[in-house]
Number of protein chains: 2
Amino acid sequence: MTSTGTDASERLAARVRAAGLKVTDSRIAVFDAFRPGEHLDADAVHARVASVLPSTSRQAVYGVLGALSEAGLLRKIEPAGSPALYETRTGDNHHHLVCTTCSTVFDVACIVGEAACLTPSETHGFRIETAEVTFWGVCPDCSAGRASTALS
Amino acid sequence: MTSTGTDASERLAARVRAAGLKVTDSRIAVFDAFRPGEHLDADAVHARVASVLPSTSRQAVYGVLGALSEAGLLRKIEPAGSPALYETRTGDNHHHLVCTTCSTVFDVACIVGEAACLTPSETHGFRIETAEVTFWGVCPDCSAGRASTALS
DNA sequence: TCGCTTGTTTTGATTGTGTCAAAACAACTT
DNA sequence: AAGTTGTTTTGACACAATCAAAACAAGCGA
């Protein structure tokens, strides 16, 4: 594209370029689909992107999500029983709290300090690279009996 | 079935019955497919069961795995990027170490004590039920450059 | 031991999530 | 402005898993 973007778009474009990726409408639109704290699956992203760029295919969205994740601009998580989810908060090794009733995902800071998170008692000789922690429970809304059909 | 089982089969049959489930050949065979410490996917289980009971369908295996998991006789885990895996070690809240090269899964005792595992710093008002920890890294065999195509 | 009832398994179709390959296309470079 | 390279479209496909209905077997009571 050649149109002049907003401030936010310009900043994002710079990050995409810095990652060695070409700047395209789809990539900006995919990133713009996220609001802070949201965890979206490919379909939700496609729906939002398509409302701005109707010609965008689902496969393009998969491609962009993959490229941005690999570049470190998005983080991909795969909770059991759900399609893959993406979030914009990256690089801080945070964890997730998933509601077993409505599937809403919340971010949680690393629990007992990064060291403990990365140090199991027996390593079996593994060279450990990352630790992933997922908490399962019932969110306040579902606990209170409301909103048991929320989506994200 | 009416044949007399082995000691192990009898013990297992009793557990299945105690869980309120009917005792069937498939269920015994599925459980028997596991050796201690193994993590098998539905396909691997089906292959082993079929070598003993060739008429067993894949759907029967899915059904049995689901029933035994719900009864607490098997535990189901779903590491990102793999089909669901099942293991016979249940009830001890242990965690997993997954090799990013060969996908082998190892069990790990709970890291810093159960309390910490279940206590994120901010709970967002959640009623937390379980904590799931997955470590990703490279296993000794893959580190040494051998066996990079192992399965489980 | 014989049947009845209920739960299990088979069979076959179907869904959902995600991948692959080739052609059309657009961003960046010179 | 034209070329090169990387991106997106299009359409087919793979794979894990689920659903529904009919065939069947386990466990119960007579």
Side-chain angles (χ1 to χ4, degrees), chain A residues 1-5 9-10 12-14 16-31 40-47 49-50 52-71 73 76-86 103 151, chain B residues 1-5 9-10 12-31 40-47 49-50 52-71 73 76-86 103:
Chain A
M1 79 175 299
T2 46
S3 67
T4 307
S9 296
E10 286 303 335
L12 176 54
V16 171
R17 210 183 314 270
L21 298 169
K22 286 184 178 171
V23 176
T24 65
D25 281 359
S26 323
R27 286 174 176 172
I28 305 300
V30 163
F31 208 98
L40 304 179
D41 64 23
D43 226 49
V45 172
H46 179 242
V49 170
V52 178
L53 299 171
S55 74
T56 310
S57 66
R58 188 169 319 236
Q59 284 72 3
V61 171
Y62 277 112
V64 171
L65 290 172
L68 294 184
S69 298
E70 221 172 324
L73 298 178
K76 178 184 189 178
I77 63 173
E78 303 178 53
S82 302
L85 300 177
Y86 297 83
S103 299
L151 285 181
Chain B
M1 77 175 296
T2 47
S3 68
T4 308
S9 296
E10 285 303 334
L12 176 54
R15 295 182 64 193
V16 171
R17 211 183 312 270
L21 299 169
K22 288 184 178 172
V23 176
T24 64
D25 280 0
S26 323
R27 286 173 177 174
I28 304 300
V30 163
F31 208 98
L40 304 178
D41 63 22
D43 227 47
V45 172
H46 179 242
V49 169
V52 177
L53 299 171
S55 74
T56 310
S57 68
R58 186 166 319 222
Q59 284 72 3
V61 171
Y62 276 112
V64 171
L65 289 171
L68 295 183
S69 297
E70 220 173 323
L73 298 178
K76 178 184 190 176
I77 63 173
E78 302 178 53
S82 305
L85 300 176
Y86 297 83
S103 299

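Chain A is the first sequence line, chain B the second, and so forth, proteins listed ahead of strands; every chain is numbered from 1.
- With sequence neighbours excluded, the residues satisfying side chain to side chain contact (heavy atoms under 4.5 Å, CB included) with A:Lys22 are A:Arg27.
- Within the structure, every pair that satisfies the salt bridge (Lys or Arg N to Asp or Glu O under 4.0 Å) test and touches residues 54-71 of chain A, not counting sequence neighbours, is listed here: A:Asp43-A:Arg58.
- Distance B:Tyr86 OH to D:dA16 P: 12 Å, rounded to the nearest Å.
- The interatomic distance linking B:Ile28 (CD1) with D:dA25 (P) rounds to 17 Å, in whole Å.
- For A:Ala14, there are no side chain to side chain contact (heavy atoms under 4.5 Å, CB included) partners, not counting sequence neighbours.
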Practice item. Sugar-phosphate means primed atoms, P, OP1 and OP2; the rest is base. With that split, encode nucleotides 1-9 of chain C 5' to 3' as B, S or - using protein heavy atoms under 4.0 Å. Key: -----BSSS
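- Considering CZ of A:Arg17 and CG of A:Leu12, their distance stands at 10.5 Å, rounded to 0.5 Å.
- The CD atom of A:Glu10 lies 8.0 Å from the CD1 atom of A:Ile28; values are rounded to the nearest 0.5 Å.
- Rounding to whole angstrom units, NE2 of residue B:His46 and P of D:dA16 are separated by 13 Å.
- For the side chain to side chain contact (heavy atoms under 4.5 Å, CB included) test, residues two or more places apart in sequence or in another chain that qualify with B:Ala80 are A:Glu78, B:Trp136.
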**Study point:** Candidate pair B:Phe31 and B:Leu68, rule side chain to side chain contact (heavy atoms under 4.5 Å, CB included), full reasoning
**Key:** CA-CA 9 Å; B:Phe31 208 98; B:Leu68 295 183; 4.1 Å; yes
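- In this view, B:Thr56 and B:Val49, B:Leu53, B:Ala60, B:Val61 satisfy the side chain to side chain contact (heavy atoms under 4.5 Å, CB included) rule, not counting sequence neighbours.
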Listed pairs, N/O of protein and of nucleotides 18-21 of chain C, under 3.5 Å:
residue : atom : partner : partner atom : Å
C:dG18  : OP1  : A:Ala84 : N            : 2.8
C:dG18  : OP2  : A:Tyr62 : OH           : 3.3
C:dT19  : O4   : A:Gln59 : NE2          : 3.3

